[in-house]
Amino acid sequence: METEEKSLNFIEQIVEKDLQEGKNDGRIQTRFPPEPNGYLHIGHVKAICMDFGIADRYNGVCNLRFDDTNPAKEDTEYVDSIQQDIQWLGFQWGNVYYASDYFEKLYDLAIRFIKEGKAYVDEQTAEQIAEQKGTPTEPGVASPFRDRPVEENLRLFQAMQNGEIEDGKMVLRAKIDMANPNMHFRDPIMYRIITSHPHHRTGRRWNVYPMYDFAHGQSDYFEGVTHSICTLEFVVHRPLYDYFIDQFAEGEYRPHQYEFNRLNITYTVMSKRKMLQLVKEGLVAGWDDPRMPTVCGLRRRGYTPEAIRAFINTIGYTKVEGMIDYTWLENAIREDQKEKAPRVCAIFDPVKLVLTNYEGEGENLVAENIDGHPELGTRDMLFAKELYIERGDFLEEADKNFFRLSPGGREVRLKNAYIIQATGCDKDAEGNVTTVYATYDPDSKSGTEGGNRKTKATINWVECNTCIDVEARLYDRLFACENPSAEEGDFRELLNPDSLKVVTIKAEAALAKEMHRPQVINGIAQVNHYQFLKQGYFVVDPDTTDNKLIVNRTASLKDNWQK
Ligand code: ATP
Ligand code: MG
């Protein structure tokens, strides 16, 4: 999927044109600018694949820049996880930068703006300022503080920084144009006061913090970014991005902003704020809950970097917003695992099968990890007199459309083993089958000449005494409705109540080798992926211990979601 040559996306076309025209002396520099206020989600991966992808493809560099301008929400826990996730996805940045590296420079720039009459301190409340903004067709109203003398603005801005003014009591605004049809030009806020929280890197050094619009373009400029790529909601910010840079930039060089469509996926939310709420309120088990659309959640669910990147490659980049069906994501992991995941047998709803004519201790059969691919290895499966099969694979009274086990002479193959015929069963007082009886044909072993005999059905089995109990966590979509963000009311009430079922299953002995706490490398548990025959793709969960193997269902084999 990934090596497939695709036509250039529209940003790659822009980059190629810039290179042809010799812009920036052929230098390509991008950045990925997460705010460290949460874990990365699959939407961020779309941006990561773009930002790092452009740099890789055109011999450029992509830097990681933490957009850490709001100490009230940011934390080093997020800084660490973001770095881990990017590397796990298979990307490597040139440098790590922080917007907070530029606080000094940005503050000096703000002072310069004040001195040049381009900024003023406003003492109105946030509500008053919002009321005066006007509408796209009606001009806004000037603040009564708009024409303050420069000296007073300087004194008040310094007082804001000195901690002499309470949070929310004053802001620094750019003095641009209260009638501009672009609302972002109507004296946007440049600085606000935040004294309630220390900054994760600068501690208590600052009491004023720059707003996104005053920090982002400048940071791009300071670093030498050539292509500053973000999502479509920033189109309307672009003129302001250019305006601020034009006020102080020297020479020819300018960073340029380009925008593509955000990723939205059905049956989930793509907002860190909402995800944080789910985590904090215990509605999911954490940021890495396998139902979460976070990178760590997808990883724990069993998604591989290759599958995630293939998914992003499939959906592509456009300039129109849209919604991607969740099944695309599942199809990407199915496609990825199809020829990678070793197959094993696991019985989800077991009933005992006794082979009445089987004598002896049992024998080791050899099964290929992936049928038809002996080069991918084999495993031993102990075959003996007492097995477990799926309850649904036996019917005491079956019609002619049922091809699996039922008394009356029909032949069924036990996967990788022998052909059997059911002879009868035991039942409990309620009529539930407790034991199925069958005879096996010793001349029908798979892999021998007799093994070529065809049956209409093949069923799975595990050996009773050597199989292990495994906790299987069966995950489904986190939300019950397609677009929870578009619904009115509380999004938490739209959660899918059946998004997690925990069952104990019986797995073949080969899985016993997974019963140990997984090794952790660079903070990431090293776990293996499997296909449980007829059941789906599974991955070992890091909660596994020496006594208990826990697996997560990554995806069923086919899409069986019912609306
Ligand atoms: P959220 O709304 O979830 O908090 P954000 O946009 O505030 O997301 P940032 O940390 O600021 O999160 O995002 C870093 C980069 O990732 C930005 O360039 C942003 O445009 C991009 N990004 C965030 N969400 C998506 C998405 N759903 N699809 C594509 N790119 C995204
Ligand atoms: Mg943001």
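Predicted model only: the values in this text are computed from it and were never measured.
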Heavy-atom pair of closest approach, residues Pro542 and Arg300: CD-NE, 3.8 Å
Side-chain donor/acceptor of His199 to backbone N/O of Asp68, under 3.5 Å: yes
Residue pair Gln124 / Pro144, side-chain heavy-atom distance below 4.5 Å: yes
Proximity of Phe248 and Tyr221 rings by center, below 6.0 Å: yes
Donor-acceptor pair, side chain of Thr231 and main chain of Glu233, under 3.5 angstrom: no
Whether Arg204 side chain and Thr195 backbone form a donor-acceptor pair below 3.5 Å: yes
Considering all heavy atoms, the nearest Lys46-Ile315 contact: CD-CD1, 4.2 Å
Non-hydrogen atoms of Pro188 and Ile176 that approach each other most closely: CD-CD1, 3.8 Å
Aromatic ring pairing Phe113/Phe244, orientation class (parallel under 30°, perpendicular over 60°, tilted between): tilted
Side-chain donor or acceptor of Thr294 paired with backbone N/O of Asp288 under 3.5 Å: no
Plane angle bin for Phe32 and His44 - parallel if under 30°, tilted between 30 and 60°, otherwise perpendicular: perpendicular
Six-ring centre of Phe260, Lys319 cation under 6.0 angstrom, axis tolerance 45°: no
Validation row: Val121, Val171 side chains within 4.5 angstrom (heavy atoms): no
Derivation of the side chain to side chain donor-acceptor pair (under 3.5 Å) call for Arg238 and His184: CA-CA 9 Å; Arg238 194 196 320 137; His184 294 280; over 6 Å; no
Criterion side chain to side chain donor-acceptor pair (under 3.5 Å) on Arg31 and Ser228, from CA distance to verdict: CA-CA 7 Å; Arg31 84 287 169 265; Ser228 179; 3.2 Å; yes
Beyond-backbone contact of Arg148 with Leu156, side-chain heavy atoms, under 4.5 angstrom: yes
Backbone of Tyr120 reached by a side-chain donor or acceptor of Arg173 within 3.5 Å: no
Lys/Arg-Asp/Glu bridge criterion (N-O < 4.0 Å) met for Asp147, Lys175: yes
Glu166 atom CD: more than 12 heavy-atom contacts under 6.0 Å: no
N-O pairing of Arg146 and Asp187 below 4.0 Å: yes
Ring pair (Phe, Tyr, Trp, His ring centres under 6.0 Å) assessment of Phe157 paired with Tyr191: CA-CA 9 Å; Phe157 187 51; Tyr191 269 89; 5.2 Å; yes
Steps toward side chain to side chain donor-acceptor pair (under 3.5 Å) verdict (Glu12, Tyr58): CA-CA 9 Å; Glu12 288 166 342; Tyr58 298 105; 5.0 Å; no
NZ (Lys133) with more than 12 external heavy atoms under 6.0 Å: yes
Flag, side chain of Asn261 to backbone of Val320, donor-acceptor distance under 3.5 Å: yes
Side chain to side chain, Asp75 and Asn37, heavy atoms closer than 4.5 Å: no
Contact summary for Lys115 and Val150, nearest pair of heavy atoms: CA-CG1, 3.9 Å
Check: Asn496 side chain, Asp498 main-chain N or O, donor-acceptor pair, under 3.5 Å: yes
Lys/Arg-Asp/Glu bridge criterion (N-O < 4.0 Å) met for Arg65, Glu35: no
Test log, rule side chain to side chain donor-acceptor pair (under 3.5 Å), inputs Gln29 and Glu223: CA-CA 9 Å; Gln29 186 172 324; Glu223 289 167 11; 5.0 Å; no
Side-chain donor-acceptor contact under 3.5 Å, Asp336 with Tyr303: no
Aromatic contact, Phe66 with Tyr98 (centres under 6.0 Å): yes
Test of ring centre spacing under 6.0 Å for Tyr258 and Phe234: no
CD1 on Ile54 to CE on Met50, rounded to 0.5 Å: 5.5 Å
Chi angles and distances behind the ring pair (Phe, Tyr, Trp, His ring centres under 6.0 Å) call for Tyr102, Phe222: CA-CA 8 Å; Tyr102 313 127; Phe222 298 150; 5.4 Å; yes
Any Leu19 side-chain heavy atom under 4.5 Å of Ile28 side chain: yes
Glu123 and Lys169 ion-paired at < 4.0 Å: no
Exam field: side chain Arg291 to backbone Tyr475, donor-acceptor pair closer than 3.5 Å: no
Ring center gap for Trp93 and Phe52 short of 6.0 angstrom: no
Six-ring centre of Tyr39, Lys272 cation under 6.0 angstrom, axis tolerance 45°: no
Parallel, tilted or perpendicular: rings of Tyr212 and His237 (30°, 60°): perpendicular
Test salt bridge (Lys or Arg N to Asp or Glu O under 4.0 Å) applied to Asp177 and Arg186, step by step: CA-CA 5 Å; Asp177 177 4; Arg186 296 187 184 177; over 6 Å; no
Ring centers of Phe103, Tyr209 separated by less than 6.0 Å: yes
Nearest atoms (heavy-atom pairs only) where Asp51 meets Pro33: OD2-CD, 4.3 Å
Arg553 (side chain) donor-acceptor with Leu474 (main chain) under 3.5 angstrom: no
Lys/Arg-Asp/Glu bridge criterion (N-O < 4.0 Å) met for Asp101, Arg201: yes
Salt bridge Asp543-Arg473, side-chain N to carboxylate O under 4.0 Å: yes
